[in-house]
Amino acid sequence: MPELPEVELTRRRLDRELKGRRIEQVVIRTPKLRSPIPAELESCLPERLVCVVERRGKYLLFDCGGGWLIIHLGMTGFLRLLPGMTAPGKHDHFDILFAHGPLLRLHDPRKFSTVAWTTGAPATNPILAGVGPEPLTPVFDAAYLFAATRSRRVAVKQLLMNKAIVAGIGNIYANEALFRAGIRPDRPASSLNHSECGRLVTAIREVLQGSIDQGSAYRVTEETVVYHPLNFAVYGQGKAPCICCGGELEEIRLGNRSTVYCPRCQH
DNA sequence: AGAATTACCTGAGCGC
DNA sequence: TGCGCTCAGGTAATTC
């Protein structure tokens, strides 16, 4: 379940390892993911150089010179970087083999990943056109969130997970940020005042940046992703004692998503 | 327009 | 051992 920090760490690793490399061969092994992997990739990607790897929300953007490869890892997607071509295993759907070695391999048991191709500016592609501001940039501030929450009666946690409002926040960091900000997840978004919006913006930044700085809640290795559940204050900690007050955490469902909060520390 | 619901997909965990 | 069930959840599509 990669969220923004995991995708950012993946981006850094891929940018470091693949920048300037020439694509030699592309293999689409499972055409049918959430949406089909464009068949043209097998012919249009080879011979191109990867100029840079960027990120928008949870989308990875590979600048291939005259075209952009867009990859979203969904829930369980993982990009393996292997020394060279090796036999594919179960759930290995898509390969990019680079000249002189490295193999980038998309592995995803649940097939929620997306692979797309665009020859225009990625920002204007329909996939990215409606994505809201990056949470780690100055555009995302108290004034923005305050304005975005007016006339929104949905629970603030669900609003945070809406990528049109802010990019890259999923269930884990929505839970964590609300705990850090001391705001109940089921509050109607419009009930937050300006100062609460400011606290929430700060908490979101700290939680995301903190996770990136410590190598994410997951350890992204060459082969797999290792999950560190104890790094979370509330996510996955239902009924455990609150790290702040020692009281029992409460677990509810919002928008059919598991939600954990402290009824004493969050208001 | 905003909100709620469902589909997509498979492995893990659990009760019996 | 194995069956059936629930859950995990990002996003798009659909419906109200």
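Labels below follow one simple rule: chain letters A, B, ... track the order of the sequence lines, proteins then strands, and each chain is numbered from 1. Computation of the quantities below employed the complete heavy-atom set of this structure, encompassing side-chain atoms and omitting hydrogens, waters and symmetry-equivalent molecules.
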Fill in: CG-CD1 distance between A/Leu69 and A/Ile23, expressed to the nearest 0.5 angstrom
7.0 Å
Worksheet item: With a 4.0 Å cut-off on heavy atoms, is A/Thr114 in touch with a base, just the backbone sugar-phosphate, or nothing at all?
Response: nothing
Worksheet item: Once you round it to whole Å, what is the distance between C1' of C/dA8 and CD of A/Glu3?
Response: 13 Å
Discussion item. What's the closest nucleotide to the side chain of A/His72 if the choices are B/dG11, C/dA8, C/dT11?
Written reply: C/dT11
Worksheet item: Any luck finding a side-chain donor-acceptor pair between A/Ser258 and A/Glu251 under 3.5 Å?
Response: yes
Item to complete: Starting at atom CG of A/Asp108, determine the distance to atom P of B/dT10, rounded to an integer number of angstrom.
Response: 10 Å
Discussion item. I want to verify a distance call: between B/dT10, C/dG10, C/dA8, whose nearest atom is closest to the A/His91 side chain?
Written reply: B/dT10
Practice prompt. Considering only NZ, NE, NH1 and NH2 on the basic side and carboxylate oxygens on the acidic side, decide whether A/Glu17 and A/Arg13 come within less than 4.0 Å.
Written response: no
Item to complete: Classify the side chain of A/Arg34 and the base of C/dA12 as holding, or not holding, a donor-acceptor pair under 3.5 Å.
Response: no
Worksheet item: On a plain distance test, is the side chain of A/Arg257 in donor-acceptor contact with the base of C/dG10 below 3.5 Å?
Response: yes
Worksheet item: Which comes earlier along DNA chain C counting from the 5' end, the contact point of A/Arg253 or that of A/Gly168, where each point is its nearest nucleotide?
Response: A/Arg253
Practice prompt. Please confirm whether A/His107 and A/Phe78 have ring centers closer than 6.0 angstrom.
Written response: no
Discussion item. Using 0.5 Å steps for rounding, measure from the CZ atom of A/Phe232 to the CD atom of A/Glu176.
Written reply: 6.0 Å
Output a table of nitrogen or oxygen pairs between the protein and nucleotides 1-4 of chain B separated by less than 3.5 Å.
{"unit_1": "B/dA3", "atom_1": "OP1", "unit_2": "A/Arg153", "atom_2": "N", "d": "2.4"}
{"unit_1": "B/dA3", "atom_1": "OP1", "unit_2": "A/Val154", "atom_2": "N", "d": "3.3"}
{"unit_1": "B/dA3", "atom_1": "OP2", "unit_2": "A/Arg152", "atom_2": "NH1", "d": "2.9"}

Practice prompt. Between A/Leu33 and A/Asn256, name the one whose nearest nucleotide on DNA chain B is closer to the 5' end.
Written response: A/Asn256
Worksheet item: Is A/Arg153 atom CZ crowded by more than 12 heavy atoms from other residues, nucleotides or ligands, each under 6.0 Å away?
Response: no
Worksheet item: For A/Val53, does its backbone N or O pair with a side-chain atom of A/Arg11 as donor and acceptor, under 3.5 Å?
Response: yes
Fill in: Approximate separation, where rounding is to 0.5 Å, of A/Ile37 CD1 and A/Thr30 OG1
6.5 Å
Discussion item. What is the separation between atom NZ on A/Lys32 and atom C1' on B/dT10, rounded to the nearest whole Å?
Written reply: 13 Å
Practice prompt. Step by step, work out the side-chain contact (heavy atoms from CB on, under 4.5 Å) result for A/Glu54 and A/Asp63.
Written response: CA-CA 8 Å; A/Glu54 298 183 357; A/Asp63 180 356; 5.8 Å; no
Fill in: Of residues 116-130 of chain A, the positions that come close to DNA chain B - non-hydrogen atoms, cut-off under 4.0 Å
none
Fill in: Atom-pair distance (CD1 on A/Ile70; P on C/dT11), nearest Å
13 Å
Worksheet item: For A/Asp213 and A/Gln209, does a side-chain donor sit closer than 3.5 Å to a side-chain acceptor?
Response: yes
Practice prompt. Take the protein atom CE of A/Met75 and the nucleotide atom P of B/dT10, then report the distance between them rounded to whole Å.
Written response: 13 Å
Practice prompt. Find the distance A/Lys111:NZ to B/dC9:P and express it as a whole number of Å.
Written response: 7 Å
Worksheet entry | Rounded distance (Å) that lies between atom C1' of C/dC7 and atom CG of A/Leu254 | 17 Å
Practice prompt. For the side chain of A/Lys163, starting at C-beta, report the closest nucleotide among C/dG10, B/dG11, C/dA12.
Written response: C/dA12
Discussion item. Quick check with a 6.0 Å cut-off and a 45 degree axis cone: is A/Arg150 positioned over the face of A/Phe146's six-membered ring?
Written reply: yes
Can you check nucleotides 3-6 of chain C for protein contacts, nitrogen or oxygen pairs under 3.5 Å, and list what you find?
none

Worksheet item: Can you find a side chain N or O atom of A/Lys90 that sits less than 4.0 Å from OP1 or OP2 on B/dG11?
Response: yes
Worksheet item: Separation of A/Leu4 atom CG from C/dT11 atom P, in whole Å?
Response: 11 Å
Discussion item. Any non-hydrogen side-chain atom of A/Thr149 less than 4.5 Å from a side-chain atom of A/Leu159?
Written reply: yes
